[in-house]
2 protein chains.
Amino acid sequence: MPVSRSRGAESRIAPLPMFSVVLVAGGPDCGAGLLFFRLQSGAKTFLIRFASIFWWGMSRNRPREEQANGQQGGGAPANGTVNGTAAPSVSGVRPTILDLAALCGVSPATVSNALADKPNVKAETRDLVRRKAREIGYHASSAARGLRLGRSWSIGLVVGDIANPFVPDVVRGVEDVVWRERKNLILCNTDFQAEKKTAYVRSLLDKQIDGMIVLSQILDAQDMERVAAAGIPLVTVNRRAPDFSTDYVGIDNQSGVRMAVDYLVSLGHRRIAFVKGLFRSSSADDRFAAYQAAVQAHGLDGDPSLAVQGDYSMESGDSAARSLMALSQRPTAILAANDLMALGALGALHDLGIRVPADVSVVGFDNIQLAEHPLLNLTTINHPKRETGDAAARLLLQRIAGDRNEPPRSVVLKPSLIVRGTTAPPPSTPKPRRRRPVTVRGTGDGG
Amino acid sequence: MPVSRSRGAESRIAPLPMFSVVLVAGGPDCGAGLLFFRLQSGAKTFLIRFASIFWWGMSRNRPREEQANGQQGGGAPANGTVNGTAAPSVSGVRPTILDLAALCGVSPATVSNALADKPNVKAETRDLVRRKAREIGYHASSAARGLRLGRSWSIGLVVGDIANPFVPDVVRGVEDVVWRERKNLILCNTDFQAEKKTAYVRSLLDKQIDGMIVLSQILDAQDMERVAAAGIPLVTVNRRAPDFSTDYVGIDNQSGVRMAVDYLVSLGHRRIAFVKGLFRSSSADDRFAAYQAAVQAHGLDGDPSLAVQGDYSMESGDSAARSLMALSQRPTAILAANDLMALGALGALHDLGIRVPADVSVVGFDNIQLAEHPLLNLTTINHPKRETGDAAARLLLQRIAGDRNEPPRSVVLKPSLIVRGTTAPPPSTPKPRRRRPVTVRGTGDGG
DNA sequence: TTGTAAGCGTTATCAG
DNA sequence: CTGATAACGCTTACAA
């Protein structure tokens, strides 16, 4: 079927090979004559719309059984203009609102209103539009809609390293909430590189994202300013930006660490080592400060060599443990600023033939999924990861929907102590308070 | 500074509270008089542009030192139209190409060309435009550009569960490649729910994504058709869609399983159990089929009760191991279709007091990050995860850039055996072939 | 080398 | 209740 015959169309249809022509919508039962064809040629598909012809030849609400064929012969010039005569146009297969309007015999405005469930459209019309829309598979272009409305229905999620076991759980929480509003998630993995971070932020702003969540990192001042200037709501997670106050979700690191130390002390430990997290991370600072405070509060051995620097990686936990065990006066317990380092320490101790928890106790922070594996069985502080993502997303959505001038809100989640198998009284301690049975998921120590 | 004085603007500026007015760009050294102001009121920021006034009062390329103030008094009607007189317009803070054009004293077309590095623009002009663009922080709206060009510079990544430790590594690989072309990643977490999958696909299509990667799942026929009809390149990973041939990245499951079985046999095992993956997953099928083939090839005990169903979760590995150990004739080795199940099995065996590898050997598949932890130390088949993501993204980008009619390509990655501490000769076997030196520390003592 | 103008597909406004 | 129309911000023929 040489559809490409018509005059005005040739310039757009280009050299057409053999096409199979299939009626997609329209026809006797559709109220508007033969209208939509699907052209298939190999993998390529086009949708031909005779939208304009409809306007040209027929009275608006004429019901059906029109001359159901032969129309494609009529040459016609301009295309796209909804008024006068027009040629069939070949589009990249997506029907537009104009198509749908023509198909239903209403104006595009009405289609828009009908689809948006605006009150000012007759139920009958609305149903017609909806039905036809489904029929031809119409979906509004989000580019067009975004351009018009200045929104994009997507939110940017900036993470440092998605492969860090802590991160995906948070992402999961975010996704869950965001999905409920049918917004999309744009995942930005910065590798903690300033340049990549900046570039991603720019890209997100160009995309007119509705909002942004930044996980465990800070944006530099300029980026923050850009985001603020664009009026994009921002929620920071785990790490506050200095000098900028934004909505924030975090965890009470202080009380988390405190619980761990308290628990260790209750077991009888006096020399408790700490493996610090990454430099310049506020959560790392918080946790370390809390450790120091707790040590002081309990009047423990404040030997500064008990605090060693790590970087949140398993390797750093490994080497931290080795250096601690090399100390002339070993600690009897190691508290790490995250689970990965605690697991690293566990590995090192195992290697060194030091028994856990008989010789040394180990406590982590985060409670990543594998921490509960029977062979690891790590006592740790639970960081509610999914809840974190959930809260961040909620905060963001509220901010998007609501007043942007309200003061920033914070959600600080509560950590909890999860006692597993890597903690016990220190060696040669004349049994202190009774140790809880392992595997119990209690919080706080029995005391 | 009562900027809102001018006539035509009032309808848009709305009831303005106190604003602080800051000169952003323009001024004596900018070639176009005072042009850009930033209005700040509380958290809200506006950018005021006198773009049109420029057109109205001044000759085009007039250099500088114009009447540098007092312009805002002049009432002016229409705004946005580049010709005649116009009022200052208040936009949601983003300068548009028109602003930049006016600021540079050139047409928007020239700005566009300059920014796109088109050859037909004088170097001088190009540099001017670029400089000014940076100065006022101009960035093209991707909605507008996307609308015009029908692309979006984002690619959809459909995963089942981002929290599965296998997934983030693949995502990481994808992100890495995609980022190089400055495309964004839209993360779609389907929870393996058909309905969510469909909805996400639709949403992605609405967004005019440039391409799509589907990880470890299949889209139903209708979704596949939609994607194909929209002409969106699609790469499937780990799992082929039946009836649709697409670009594909996977791993040679067969040879992976074969390697594992061969290795176990070489250690002397004859009763090798298999923990199957999720029903209806092609990779699970492949791996199970490969197991069966290998068992047959080696003439091993084909006892069907040695094959138990799992679902890729740790729990299912746990219960699989328990049921296997409850058999009257126990296997001497357990091969699991993924690491999570293998780890679950490890846990169960530990619980049951069965020594690994002394009593039973365990082999996993995937080599997730924690498998190498000294306390787990799981012998496994490495699945190159990052490379998988990398390859998928490459394939996709090539397809996007290149001819979409070329036949689909497949990349099948090679697995490799990673011998760690969970494998050894079966008990009471009069030393078979020499066992490889166990490179890493043993495991399974537990306490 | 630059400018003009026509869209891309929506939705909001306002008029019927 | 429905329709015409004007944006939204950009790119790309085509014209100058």
Side-chain angles (χ1 to χ4, degrees), chain A residues 11-12 49 51 55 60-61 78-83 89 91-92 94-102 104-126 128-129 138-153 206-208, chain B residues 11-12 49 51 55 60-61 78-83 86 89 91-92 94-102 104-126 128-129 133 138-153 206-208:
Chain A
S11 61
R12 308 191 59 179
R49 35 182 163 123
W55 288 103
R60 200 66 60 57
N61 290 314
N79 133 64
T81 50
V82 186
N83 53 2
S89 76
S91 93
R94 274 181 79 151
T96 77
I97 201 172
L98 265 67
D99 302 324
L100 186 52
C104 299
V106 300
S107 79
T110 299
V111 170
S112 177
N113 288 330
L115 260 23
D117 239 345
K118 291 278 168 65
N120 61 342
V121 43
K122 203 172 29 170
E124 202 180 331
T125 316
R126 181 167 42 76
L128 171 70
V129 170
Y138 169 79
H139 277 268
S141 143
S142 25
R145 185 181 267 168
L147 177 57
R148 182 63 233 255
L149 263 26
R151 295 148 32 62
S152 67
W153 298 272
D206 292 350
K207 282 226 157 69
Q208 312 252 63
Chain B
S11 61
R12 307 192 59 178
R49 36 181 162 124
W55 290 103
R60 200 66 61 58
N61 291 314
N79 135 63
T81 51
V82 187
N83 52 6
S89 75
S91 92
R94 273 182 79 151
T96 76
I97 200 171
L98 264 66
D99 302 325
L100 185 52
C104 299
V106 300
S107 79
T110 300
V111 170
S112 177
N113 288 329
L115 260 24
D117 238 346
K118 291 278 170 63
N120 60 341
V121 42
K122 203 171 28 170
E124 202 180 330
T125 315
R126 181 168 42 77
L128 171 69
V129 169
Y138 169 79
H139 277 268
S141 143
S142 25
R145 185 181 268 169
L147 177 57
R148 182 66 232 257
L149 264 26
R151 298 151 26 66
S152 66
W153 299 273
D206 292 351
K207 282 227 157 69
Q208 311 253 61

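Below, chains carry the letters A, B, ... as their sequence lines are ordered, and counting in each starts from 1. Just the heavy atoms: all of them, side chains too, but no hydrogens, waters or symmetry mates, feed the values below.
- In this structure, A/L115 atom CG and C/dG9 atom C1' are separated by 13 Å, rounded to whole Å.
- From B/S141, atom OG reaches atom NZ of A/K207 across 10.5 Å, with rounding to the nearest 0.5 Å.
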What's touching nucleotides 12-16 of chain C from the protein side, N or O pairs under 3.5 Å?
{"unit_1": "C/dA12", "atom_1": "OP2", "unit_2": "A/K118", "atom_2": "NZ", "d": "3.0"}
{"unit_1": "C/dA12", "atom_1": "O4'", "unit_2": "A/R148", "atom_2": "NH2", "d": "3.4"}

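- If you check C/dT10, D/dC10, C/dT2 against the side chain of B/A144, the one that comes closest is D/dC10.
- Atom CG in A/D117 sits about 15 Å away from atom C1' in D/dC1, given to the nearest Å.
- For the side chain to side chain contact (heavy atoms under 4.5 Å, CB included) with B/V111, the qualifying choice from B/I97, B/T125, B/L128, B/V121 is B/I97, the only one to do so.
- Residues A/V111 and B/V121 each lie close to DNA chain C; by heavy-atom proximity, the contact nearer the 5' end of the strand is made by B/V121.
- With rounding to the nearest 0.5 Å, the separation of CD in A/Q208 from NE2 in B/H139 is 12.5 Å.
- Residue A/T110 places at least one side-chain N or O under 4.0 Å from the OP1 or OP2 atom of D/dG3.
- Taking every side-chain heavy atom of B/L147 into account, C/dC8 is the closest of D/dC8, C/dC8, D/dT2.
- When the P atom of C/dT10 is taken as reference, atom CH2 of A/W153 falls 12 Å away, rounded to whole Å.
- Residues A/A143 and B/G146 approach most closely at CB-C, 4.1 Å, considering heavy atoms.
- You'll find that the side chain of A/S107 is closest to D/dG3, out of D/dC10, D/dC1, D/dG3.
- B/Q208 has its CD atom 12 Å from the C1' atom of C/dT10, to the nearest Å.
- Atom pair B/L100:CG and D/dG9:P shows a separation of 14 Å (rounding to whole Å applied).
- Between the C1' atom of D/dC8 and the NE2 atom of B/H139 lies a distance of 19 Å, rounded to the nearest Å.
- Going from atom CG of A/D117 over to atom CZ of A/R126 covers 5.5 Å, rounded to the nearest 0.5 Å.
- Scanning all heavy atoms of the two residues, the minimum distance from A/Y138 to A/T96 falls at CE1-C, 3.4 Å.
- Remark: C1' of D/dT2 and CZ of A/R126 are 15 Å apart, rounded to the nearest angstrom.
- Applying the 4.0 Å criterion to OP1 and OP2 of C/dT2, one finds that B/T125 has a side-chain N or O inside that range.
- Taken to the nearest 0.5 Å, the OG atom of A/S142 stands 10.5 Å off from the CG atom of B/L147.
- Taking atom CZ of residue A/R151 and atom P of nucleotide D/dG9, one finds them 15 Å apart after rounding to whole Å.
- When the nucleotides D/dT2, D/dG9, C/dT10 are ranked by their closest atom to the side chain of A/K122, D/dT2 comes out on top.
- Of the listed nucleotides (C/dG9, D/dC10, D/dT2), C/dG9 has the atom at the smallest distance from the side chain of A/T96.
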